[in-house]
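In what follows, a structure is listed as structure tokens, so that the remarks can point back to it.
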Amino acid sequence: MKKLSIFISGGGSNFRAIKAAIDQDQIAGEIVLVVASKRDCPGAEYARSIGLPVSIFPEEGISEADLLQQLQDSGTDFIILAGYIKLIPEEIVGAYRQRMLNIHPALLPAFGGKGFYGKKIHQGVLDRGAKITGVTVHFVDEFYDHGPIIAQAPVAVRQGDTADILASRVLEMEHRLYPRVVGAICRGDLVWDGEIPFLDPPLSMENE
Ligand code: GRF
């Protein structure tokens, strides 16, 4: 059973999808800590409502060392970033290298990095006329949207899509992909080919 800490800033729908998959025994893990950048975000409220400990970082002045200590005290094996919008301190990136995952609502390396956040990602896809966008789950390194890619899933762009419509279609795919990737990581289904990670066996997104 792996111990997970989930970092959130907003609605927490990916957090809920992961929690649901744990409850359905699709992930051999347990959530030991939720870290929220905003005390009152809906994801933090939800975490409290189901009895999970919530730390606020960085808003309430706990230091990076304090947060790292909390992660270590909780026995956290993997950090799961799920819409967390603040930069992760380098000390924590270093301590959880290849053990911290992020989800990005586009197919990296396209439409990622500086300036690509929230609706700007989907507007960028539409403005460029891309026909396929999607979801990327990757390990976190010191740069935004840059670490090794673990898994991706495509989402078609349709005529008439707005950034909001596309965002919600991509979010549905996020809720399918992220719990599967977290489940695979908790099972140890990850191999490295040099610096490139692969899930082995590969994920099947069929058989819904
Ligand atoms: C998701 O689109 C995620 O990819 C992005 O932020 C959003 C978070 O949504 N990084 P939620 O809080 O999980 O609902």
Side-chain angles (χ1 to χ4, degrees), residues 4-23 26-27 29 31 33-50 52 54-57 59 78-88 92-93 100-126 130 132-141 143-157 161-183 185 203 205:
L4 310 175
S5 283
I6 315 263
F7 282 44
I8 56 173
S9 293
S13 67
N14 279 289
F15 160 40
R16 286 170 195 250
I18 289 166
K19 176 69 173 73
I22 289 173
D23 292 345
Q26 291 159 2
I27 297 174
I31 299 170
L33 180 65
V34 173
V35 176
S37 63
K38 294 179 202 145
R39 168 161 292 282
D40 298 327
C41 69
E45 305 276 8
Y46 169 67
R48 285 185 207 100
S49 78
I50 57 171
L52 290 173
V54 179
S55 289
I56 310 301
F57 185 85
E59 276 189 7
F78 294 106
I79 294 175
I80 312 296
L81 304 186
Y84 187 75
I85 56 173
K86 300 285 182 177
L87 195 66
I88 304 293
I92 293 177
V93 174
M100 187 181 334
L101 282 65
N102 183 44
I103 189 160
H104 183 76
L107 295 178
L108 292 175
F111 307 109
K114 205 170 184 324
F116 284 112
Y117 57 88
K119 242 177 256 177
K120 292 190 182 197
I121 299 167
H122 306 290
Q123 195 58 54
V125 168
L126 294 173
I132 306 275
T133 182
V135 180
T136 301
V137 178
H138 65 95
F139 284 118
V140 173
D141 67 9
F143 307 99
Y144 274 119
D145 302 329
H146 178 267
I149 293 172
I150 304 167
Q152 295 184 303
V155 173
V157 179
D161 276 351
T162 62
D164 282 333
I165 292 170
L166 194 53
S168 70
R169 199 173 325 115
V170 170
L171 191 61
E172 282 175 26
M173 183 60 91
E174 292 182 50
H175 298 160
R176 292 174 59 198
L177 185 68
Y178 214 6
R180 284 174 167 79
V181 175
V182 173
I185 296 278
L203 288 184
M205 295 297 288

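All values derive from a computational prediction rather than experimental measurement. Numbers here simply count residues along the sequence, with the first being 1. First listed ligand is number 1; within each ligand, the first listed atom is number 1.
- Listed by number with element, the atoms of ligand 1 under 4.0 Å from a non-hydrogen atom of Gly83 are 6 (O), 8 (C), 10 (N).
- In this structure a side-chain-to-backbone donor-acceptor pair under 3.5 Å is present from His104 to Phe111.
- Using a 4.0 Å heavy-atom cutoff, Gly12 is listed among the residues neighbouring ligand 1.
- Atom 9 (O) of ligand 1 has Asn14 ND2, 4.0 Å as its closest protein atom, hydrogens excluded (heavy atom only).
- Legend: residues meeting side-chain hydrogen bond (donor to acceptor under 3.5 Å, both in side chains) with Lys119, ordered by chain and number and at least two apart, are Asp164.
- Between the choices Glu174, His104, Met173, the shortest heavy-atom distance to atom 1 (C) of ligand 1 belongs to Glu174.
- In this structure, Ile103 has a heavy atom closer than 4.0 Å to ligand 1.
- Using modelled atom types, one finds a donor on one side chain and an acceptor on the other under 3.5 Å when comparing His175 with Ser13.
- The ring pair (Phe, Tyr, Trp, His ring centres under 6.0 Å) test applied to Tyr144 returns no partner, not counting sequence neighbours.
- Distances below 4.0 Å separate heavy atoms of Ser13 from the following atoms of ligand 1: 11 (P), 12 (O), 13 (O), 14 (O).
- Within the model, atoms NZ of Lys19 and CD1 of Ile6 stand 10.0 Å from one another, a figure rounded to the nearest 0.5 Å.
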